[in-house]
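Just below is one structure, and these are the notes that go with it.
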Amino acid sequence: MRRWRRNARTIFLAVCAMAALPWAAVTQFDMPKEQFLELVLGALLALLLVVLAAGLTVGLFIGLRWFWRRRQSL
């Protein structure tokens with residue numbers, strides 16, 4: 001139970017720190033909100049592309065493994 005609390009606390013603090021970064025960028029450094037939103041959207045799209053590429057790669061490996069096993073059983 002103690003380990004779970006420590007991990008939960010670490011995750012909570014990491015999320016709070018990540019939430020503070022946009023606030024600091026917009027308020028402390030006078031970054032326009034529009035520019036910040038463009039950067040966030042670009043980062044999310046890049047993340048989506050990485051996830052899609054990983055999914056396609058896993059799908060390709062699973063398909064090749066299935067094909068290889070089927071071919072060996074013939």
Side-chain angles (χ1 to χ4, degrees):
M1 184 68 167
R2 184 173 276 187
R3 183 177 177 153
W4 181 85
R5 281 186 183 177
R6 186 175 58 216
N7 288 340
R9 183 188 67 211
T10 302
I11 292 170
F12 176 74
L13 290 174
V15 169
C16 288
M18 290 299 292
L21 289 175
W23 172 81
V26 173
T27 60
Q28 300 297 319
F29 301 111
D30 295 328
M31 181 181 211
K33 289 182 182 181
E34 294 80 21
Q35 183 182 7
F36 175 75
L37 291 176
E38 287 178 20
L39 291 173
V40 168
L41 181 61
L44 289 176
L45 288 175
L47 178 65
L48 180 65
L49 285 174
V50 169
V51 169
L52 286 174
L56 289 173
T57 303
V58 168
L60 178 67
F61 282 138
I62 290 173
L64 287 173
R65 187 175 63 179
W66 175 81
F67 178 73
W68 184 257
R69 285 184 181 174
R70 185 171 179 208
R71 184 179 160 146
Q72 284 184 347
S73 69
L74 292 177

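- Side-chain contact between L44 and L48 is absent, with no heavy atoms from C-beta onward closer than 4.5 Å.
- Atom CD in Q72 sits 11.0 Å away from atom CZ in F67 (nearest 0.5 Å).
- Minimum heavy-atom separation, T27 to D30: O-OD1, 3.7 Å.
- L45 forms part of a hydrophobic cluster together with L41, judged by ILVMFWY side-chain heavy-atom separations under 4.5 Å.
- Side-chain contact between T57 and F61 is present, with at least one heavy-atom pair separated by less than 4.5 Å.
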